[in-house]
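Fair warning: this is a prediction, and the values are worked out from it, not measured in the lab.
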Amino acid sequence: MIYDTLQEALTDMETLGTWDPDRLIRHFGIAYHYTSDLPDNINGYSLPLTRTFFINENTKSPIFVKCHELQHCLLDPTVEPLIDTSMVSNSKIESRANRGAFYIMIKNYLNTTDIEPDDFNILRFAESYQLETKHLLFIRNVAEQELNIKISQGVFSL
């Protein structure tokens, strides 16, 4: 555990001048590995005290898993492995990791696409990171709060 709170971690990251997940991971001295040894329903897992995590080679959203597991390495003081499954988890630990992951991804997306927060399109964002639709509401909440924008519910209808 490097930080006590997600806000403390994100505030510190703000000073680093990058939101690129790989650069953040290197900055914090965290190691990660892709593996084919995980079942399909496990996207990744982390060992926070060793600052190591693993990503399933078959995951549909590897950048999300990378950012999610990074949060566990920064915030969780456990020696037990934390497992990210394809099933929805409502635990506080998983919700916090998702929030931090989406925050990093949104900030990195804005930097790499050179768009303004008011031009943020949640569907393009989700598509660019191969995110499942089950995450859209959570992403909307993070984007609205952190970018100080309002995303119409109409963007969710097809």
Side-chain angles (χ1 to χ4, degrees), residues 1-86 89 91 93-117 119-136 138-143 145-147:
M1 177 174 89
I2 298 172
Y3 297 102
D4 292 324
T5 68
L6 177 59
Q7 191 57 50
E8 180 185 2
L10 296 175
T11 299
D12 190 40
M13 284 182 214
E14 193 80 48
T15 67
L16 299 176
T18 185
W19 290 103
D20 177 88
D22 288 317
R23 290 181 67 191
L24 292 172
I25 289 165
R26 277 193 304 275
H27 172 79
F28 290 110
I30 296 170
Y32 72 93
H33 310 279
Y34 286 91
T35 181
S36 60
D37 295 332
L38 295 173
D40 286 344
N41 70 323
I42 297 179
N43 297 316
Y45 74 95
S46 60
L47 301 165
L49 287 185
T50 66
R51 293 190 187 180
T52 306
F53 64 86
F54 299 86
I55 300 171
N56 189 330
E57 288 179 352
N58 299 317
T59 188
K60 294 176 180 146
S61 307
I63 296 174
F64 168 68
V65 176
K66 186 184 292 185
C67 292
H68 176 97
E69 298 304 333
L70 168 62
Q71 299 308 305
H72 286 309
C73 288
L74 294 177
L75 298 166
D76 297 323
T78 182
V79 294
E80 299 296 320
L82 295 167
I83 299 171
D84 177 29
T85 69
S86 58
S89 175
S91 77
I93 289 173
E94 293 305 310
S95 181
R96 180 183 63 188
N98 285 348
R99 180 173 197 68
F102 290 134
Y103 184 91
I104 289 171
M105 292 167 68
I106 289 168
K107 296 290 263 186
N108 191 54
Y109 180 78
L110 293 176
N111 285 347
T112 59
T113 60
D114 204 28
I115 63 171
E116 295 298 320
D119 297 324
F120 179 78
N121 182 301
I122 192 169
L123 297 178
R124 285 191 197 123
F125 169 81
E127 183 180 308
S128 72
Y129 287 109
Q130 300 91 35
L131 297 168
E132 296 177 67
T133 57
K134 71 179 183 181
H135 295 300
L136 288 177
F138 201 107
I139 295 165
R140 183 190 79 181
N141 292 341
V142 172
Q145 183 176 21
E146 301 302 335
L147 301 178

Query - Straight-line distance of I139 CD1 to L131 CG, nearest 0.5 Å - result: 4.5 Å
**Report entry** Within-4.5 Å side-chain heavy-atom neighbours: D37 and F54
**Finding:** no
Requested in this report: With sequence neighbours excluded, tell me which residues meet ring-ring contact (aromatic ring centres under 6.0 Å, His included) with F125.
Outcome: Y109, F120, Y129
Requested in this report: Quick one: pull up CG in L24 and CD1 in I104 and give me the separation to the nearest 0.5 Å.
Outcome: 5.5 Å
Query raised in the report: Taking only residues two or more places apart in sequence or in another chain, which ones pass side-chain contact (heavy atoms from CB on, under 4.5 Å) with T112?
Result: N108
Query raised in the report: Are any side-chain N or O atoms of T15 and backbone N or O atoms of D12, one a donor and one an acceptor, separated by less than 3.5 Å?
Result: yes
Report summary line: Residues M13 and Q71: closest non-hydrogen pair is CE-NE2, 4.3 Å
Query raised in the report: Are the side chains of H33 and T52 in touch, meaning some heavy atoms are under 4.5 Å apart?
Result: yes
Query raised in the report: CD1 of I42 to CD1 of I55: how many Å apart, nearest 0.5 Å?
Result: 14.0 Å
Query raised in the report: Going from CD on Q130 to CD1 on I63, what distance comes out if it is rounded to the nearest 0.5 angstrom?
Result: 6.5 Å
Report task. With sequence neighbours excluded, tell me which residues meet ring-ring contact (aromatic ring centres under 6.0 Å, His included) with H68. Result -> F64, H72
Query - T59 side chain vs P62 backbone, donor-acceptor pair below 3.5 Å - result: no
Query - Non-hydrogen side-chain atoms of L6 and Y103 separated by less than 4.5 Å - result: no
Report task. Please lay out, stage by stage, how R124 and T113 fare under the test side chain to side chain contact (heavy atoms under 4.5 Å, CB included). Result -> CA-CA 11 Å; R124 285 191 197 123; T113 60; over 6 Å; no
Requested in this report: Could I get the full list of salt bridge (charged side-chain N to carboxylate O under 4.0 Å, His left out) partners for E57, not counting sequence neighbours?
Outcome: none
Query - Donor-acceptor pair, side chain of T18 and main chain of D20, under 3.5 angstrom - result: yes
Requested in this report: Kindly determine whether L16 and H27 satisfy side chain to side chain contact (heavy atoms under 4.5 Å, CB included), including the steps that lead there.
Outcome: CA-CA 9 Å; L16 299 176; H27 172 79; 3.5 Å; yes
Query raised in the report: Could you give the distance from CG (L147) to CG (L110), rounded to the nearest 0.5 Å?
Result: 5.5 Å
Query raised in the report: Do the rings of F102 and F138 sit parallel, tilted or perpendicular, given the 30° and 60° boundaries?
Result: tilted
Query raised in the report: Residues two or more places apart in sequence or in another chain: which of them pass salt bridge (charged side-chain N to carboxylate O under 4.0 Å, His left out) with E14?
Result: K107
Requested in this report: I would like to know whether L123 and L136 meet side chain to side chain contact (heavy atoms under 4.5 Å, CB included); could you show each step before the answer?
Outcome: CA-CA 8 Å; L123 297 178; L136 288 177; 4.0 Å; yes
Requested in this report: Starting from the C-alpha separation in whole Å, work towards a yes-or-no answer on side chain to side chain contact (heavy atoms under 4.5 Å, CB included) for N98 and V142.
Outcome: CA-CA 10 Å; N98 285 348; V142 172; over 6 Å; no
Query raised in the report: Can you tell me if R51 uses its side chain to pair, donor with acceptor, with the backbone of F28 under 3.5 Å?
Result: yes
**Report entry** Nearest-0.5 Å distance that lies between atom CG in D40 and atom NZ in K60
**Finding:** 9.0 Å
Requested in this report: With sequence neighbours left out, write down each residue that passes side chain to side chain donor-acceptor pair (under 3.5 Å) with D22, or none if nothing qualifies.
Outcome: Y32, K66
Requested in this report: Determine yes or no for a side-chain-to-main-chain donor-acceptor pair under 3.5 angstrom, with N56 supplying the side chain and P39 the backbone.
Outcome: yes
Report task. Identify the heavy atoms of A9 and L75 that sit nearest to each other, and give their distance. Result -> CB-CD2, 4.3 Å
Query - Exercise: identify the closest heavy-atom pair between C73 and I30 - result: CB-CD1, 3.6 Å
